[in-house]
Amino acid sequence: MPELPEVETIRRGLAPLVEGRRLERLEIADPRWCAPLAPDELRAAVEGRRVERLDRRGKWLVFDLEDEVALICHLRMTGTLLYDPDPAEPYQRVRFALSGGHELRFCDPRRFGTGELALGATARAAFFAERLGPEPLDPAFDGAALRALARGRRAPVKAFLLDQRRIAGVGNIYADEALFRARVHPLRAAGALSRAQCDALALGVREALEAGLAAGGATIDDFRRPDGVYGAFQHEFLVHTRAGEACPRCGAEIVKLVVAGRGTYVCERCQPRPRRVRRRPSASRAGRSGRP
DNA sequence: CGCCCTGTTGGGGA
DNA sequence: ATCCCCAACAGGGC
């Protein structure tokens, strides 16, 4: 469920409800959530502290508490954070008791979601530095930036987009959408993209993410906002999960492939497949001028 | 009914 | 650097 637009939608909905409140208690029903840290250790660090700010980096949600204590949460595939939900809500894993009598419940049928601790600004920065590349919605993220990140990479461009250490927050769905918008085949080598393709792809990533945001993160059927409401309306993907349907741009049939181990949807007329995997650096070099 | 496959994520080992 | 598998569960196809 949560890629960048979904997590950001949750953050925006929740921030006004939790910022300024005190995290009075944290009841961890499933120790796996914060493993290998013991639930009591995590609780001791966060309980009683005020939430100064709810932040997001990539697909991570950060409760920035007093004294530079950061509770860093990941919803993984099926996690949800619900505000004052029905007590009978299934799959409850963690309960955040907030001052003012409100509560936040983390529910996650698959139990992949995690909560981690960073003590101090340095530890917080290090946590993300070793996991995440730049934010794709940052104005600095453009074709030139993407080109620099992709340089020399021979892995398929889809694997490149999914690598959080290169670009933060793009998941399987938005990767397909971005590639379709940019008319780039997912199997193409990331480092082999032309300058124009890098420009198109950076724009495609941005537009795909913004389309998801505009839809309130209502991408997958079971996406839920913190108030428990399912997406107000479903965001329609251009290609993702549309195998067998007609490409909205050219009418050719959308096909499903497996790239980087994930289901991948593509219009192979709009996104022409790379001719052939280059086997050896041929003698003919396209000597580029101005190459350092 | 039951088996098999797939899946929105990230980490670890080969 | 890259690929495969795994975590734990739901849901769909057969």
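In what follows, chains carry the letters A, B, and so on, assigned in the order in which the sequence lines appear, proteins first and then strands, with residues in each chain numbered from 1.
Stacking here means ring centres nearer than 5.5 Å and ring planes tilted less than 30 degrees, and by that measure A/Phe112 does not stack onto B/dG10.
Atom pair A/Asp108:CG and C/dA10:C1' shows a separation of 12 Å (rounding to whole Å applied). We find that NZ of A/Lys158 is positioned 13 Å from C1' of B/dT9, with the value rounded to whole Å. Whole-Å rounding puts the A/Met77 CE to B/dT9 P distance at 7 Å. The separation between A/Tyr265 atom OH and B/dT8 atom C1' is 12 Å, rounded to whole Å. Put simply, CD on A/Glu3 is 9 Å from C1' on B/dT9, counting in whole angstrom units. Atoms CZ (A/Arg131) and P (B/dG11) sit 6 Å apart, rounded to a whole Å. Remark: P of B/dG11 and NZ of A/Lys59 are 10 Å apart, rounded to the nearest angstrom. Nucleotide C/dT2 holds its P atom 14 Å from the CG atom of A/Leu187, rounded to whole Å.
Nucleic acid contact class of A/Gly113 (heavy atoms, under 4.0 Å, all strands): none.
Results of the side chain to side chain donor-acceptor pair (under 3.5 Å) test with A/Asp108 over A/Thr114, A/Thr78, A/Thr80 single out A/Thr78 as the only residue that passes.
Distances were taken from every side-chain heavy atom of A/Gln164 (C-beta onward) to each of B/dG10, C/dC9, B/dT9; the shortest belongs to B/dG10. With distances taken from any side-chain atom of A/Arg154 to the nucleotides B/dT9, C/dT2, B/dT6, the minimum falls on C/dT2. Nearest nucleotide to the A/Tyr91 side chain, out of C/dT2, C/dC9, B/dG11: C/dC9. Across B/dG7, C/dA10, B/dT9, the shortest atom-to-atom separation from the side chain of A/Lys256 is found for B/dG7. In this structure, of C/dA7, C/dA10, B/dT9, it is C/dA7 that holds the atom nearest to the side chain of A/Arg32. Closest to the side chain of A/Asn172, from the set C/dA10, B/dG11, B/dT8, is B/dT8. When distances run from any side-chain atom of A/Arg153 to the nucleotides C/dA10, C/dT2, B/dT9, the shortest one goes to C/dT2.
Ring pair A/Tyr83/A/His102 is parallel by interplanar angle, where below 30° counts as parallel and above 60° as perpendicular.
For A/His74 and B/dG11, the shortest distance from a side-chain N or O to OP1 or OP2 is not below 4.0 Å.
Taking the six-membered ring where the residue is Trp, the centroids of A/Phe237 and A/Tyr265 are separated by 6.0 Å or more.
Using the Watson-Crick or G-U wobble rule with both distances under 3.5 Å, C/dA7 pairs with B/dT9.
When the C1' atom is compared between B/dT8 and C/dT2, the two are found 22 Å apart, to the nearest whole Å.
With hydrogens and angles disregarded, no donor-acceptor distance shorter than 3.5 Å links the side chain of A/Glu52 to the backbone of A/Glu66.
The residue among A/Ala159 and A/Arg262 whose nearest nucleotide of DNA chain C is located toward the 5' end is A/Ala159. Residue order along DNA chain C, read from the 5' end via each residue's closest nucleotide, puts A/Gly261 first among A/Gly261 and A/Arg111.
Under the 3.5 Å distance criterion, with hydrogens and angles disregarded, no donor-acceptor pair is assigned to the side chains of A/Glu177 and A/His240.
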